[in-house]
Protein chains: 2
Amino acid sequence: MTRLRAGNLAQGCEGMMERFRVWARADGDFGLCPVRSVLDRIGDKWTTLVIIALAQRTHRFSEIRRAIPDISKRMLTQTLRDLERDGLVARRVFATKPPSVEYRLTELGHSLLEPLTALILWAEKTQPRIAMARTEFDNAAPLAV
Amino acid sequence: MTRLRAGNLAQGCEGMMERFRVWARADGDFGLCPVRSVLDRIGDKWTTLVIIALAQRTHRFSEIRRAIPDISKRMLTQTLRDLERDGLVARRVFATKPPSVEYRLTELGHSLLEPLTALILWAEKTQPRIAMARTEFDNAAPLAV
DNA sequence: AATACTCGGTCTCATTGTGAGACTAATGGA
DNA sequence: TCCATTAGTCTCACAATGAGACCGAGTATT
């Protein structure tokens with residue numbers, strides 16, 4: 001279950017390059033790689049934030065919206081539908097008035113938390129360096145061509 | 001309250017929930033968390049693919065385009081500029097005619113490969129289950145409300 | 001010698017994606 | 001009585017993106 005942890009990857013990611021070469025087919029085209037359809041979902045602007053919200057506990061629709069104030073209803077609905085379609089989130093409707101709908105991570109959704117956390121930890125760790133790089137870049141002379 | 005079964009996640013994810021709670025501020029709003037600005041970049045449609053391409057070796061502009069056939073020049077330029085600005089990619093211009101420009105990952109860029117690989121391995125592993133979930137969802141009756 | 005092609009872009013324009021906010025209907029609270 | 005609440009959907013305006021023309025100088029083809 002925890003194969004992905006330190007031991008395998010920490011050493012400098014041997015085998016990783018090999019995998020990258022497999023994903024990139026011989027002709028250098030990895031445009032059709034099936035991983036892409038999944039990364040497209042994860043790489044969505046809102047998906048990660050919604051998953052982090054649901055990682056904490058089951059949320060109702062409006063609770064997620066309050067947790068992510070700048071997501072529109074429209075995009076939250078769409079993001080949740082996509083996540084439900086992919087089997088990462090489960091939707092449960094209570095026939096109350098006004099309506100009540102609960103969203104929670106499925107087991108599959110939970111399994112994403114580990115790699116996602118690794119990524120977020122990286123973001124957290126490198127955030128100062130990236131901020132510095134941005135400042136430098138913005139202060140530098142325009143691009144040489 | 002919390003249906004989240006922390007035990008299932010353990011084995012490497014302790015403290016993760018705590019971290020999520022920190023990212024989500026007390027009022028449940030993690031909209032302004034600095035991690036977000038970094039995730040926004042990683043969560044870009046093309047960024048991941050470009051990084052995977054560059055993980056293999058230094059590429060010239062047109063080589064990347066051939067590796068990712070459906071990226072437009074416009075978006076490739078923009079993605080590379082953003083990555084350069086963030087200090088993940090280095091750009092090197094050779095004053096030849098026609099021009100020649102090399103892109104490679106910086107050390108910071110390389111440091112992203114480990115968590116990124118974890119994510120891609122997850123995608124690779126779960127891809128069949130996700131594909132199945134999608135099919136099920138699409139064949140199921142329309143949403144109950 | 002004239003033509004075409006290459007490179008790494010930038011530019012315009014059409015299409016697509018997204019955000020803001022109105023609207024819903026039944027209920028509880030002021 | 002009036003308004004807020006709920007989980008959406010709908011429309012409209014605006015932002016992001018993709019397609020493809022265009023660039024200039026040197027090299028290759030004709």
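Throughout, a chain's letter reflects where its sequence line sits, starting with A, and its residues are numbered from 1. Since this is a predicted model, take the numbers as computed values, not measurements.
In the set dG18(D), dA7(D), dG9(C), the nucleotide with an atom closest to the side chain of Phe61(B) is dG9(C). Considering only the side chain of Met75(A), dT18(C) comes nearest among dT5(D), dT6(C), dT18(C). For Arg74(B), taking side-chain heavy atoms from C-beta onward, the closest of the listed nucleotides dA7(D), dG9(C), dT12(C) is dT12(C). For Lys73(A), counting side-chain heavy atoms from C-beta on, the closest listed nucleotide (dG19(C), dG8(D), dC7(C)) is dG8(D). Comparing dT10(C), dA7(D), dG8(D) by their nearest atom to the side chain of Thr77(A) picks out dG8(D). Nearest to the side chain of Ser62(A), among dT18(C), dT6(D), dG18(D), sits dT6(D). The nucleotide whose nearest atom lies closest to any side-chain atom of Ser72(A) is, among dA7(D), dA20(C), dC7(C), dA20(C).
Rounded to a whole Å, the CG atom of Asp70(A) is 11 Å from the C1' atom of dG19(C). The distance between atom NZ of Lys45(B) and atom P of dG17(C), rounded to the nearest whole Å, is 8 Å. Put simply, NZ on Lys97(A) is 10 Å from C1' on dT24(C), counting in whole angstrom units. For the pair Ile71(B) CD1 and dG20(D) C1', the interatomic distance rounds to 16 Å; values are reported in whole Å. Between the CG atom of Leu76(B) and the P atom of dG20(D) there is a distance of 17 Å, rounded to whole Å. Here dA7(D) presents its P atom at 10 Å from CZ of Arg91(A), a figure rounded to the nearest Å. Regarding Glu63(A), its CD atom lies at a distance of 8 Å from the P atom of dA7(D), rounded to whole Å. In this structure, the CZ atom of Arg65(A) is 13 Å from the C1' atom of dT9(D), given to the nearest Å.
Judged as a side chain to side chain donor-acceptor pair (under 3.5 Å), and not counting sequence neighbours, Asp82(A) has no contacts. When the side chain to side chain donor-acceptor pair (under 3.5 Å) test is applied to Arg65(A), no partner is found at least two apart in sequence or on another chain.
Relative to the axis of its first five pairs, the axis of the last five pairs of the helix from dA1(C)-dT30(D) to dA30(C)-dT1(D) sits at 10°, rounded to 10 degrees.
Looking at Asp70(A) and Lys45(A), no side-chain N of the basic residue comes within less than 4.0 Å of a carboxylate O on the acidic one, giving no salt bridge. Ionic pairing of Glu63(B) and Arg57(B) is present here: one or more N-O contacts between side-chain nitrogen and carboxylate oxygen are shorter than 4.0 angstrom.
No chain of hydrophobic side-chain contacts below 4.5 Å, direct or via other Ile, Leu, Val, Met, Phe, Trp or Tyr residues, connects Leu105(A) to Met132(B).
Atom CD1 in Ile52(B) sits 11.0 Å away from atom OG1 in Thr47(B) (nearest 0.5 Å).
Considering only side-chain N and O atoms, Arg60(A) lies nowhere under 4.0 angstrom from the phosphate OP1 or OP2 of dT6(D). Look at Trp46(B) and you won't find any side-chain N or O under 4.0 angstrom from OP1 or OP2 of dA16(D).
A distance-only check finds no donor-acceptor pair linking the side chain of Thr106(B) to the backbone of Ala90(B) [under 3.5 Å].
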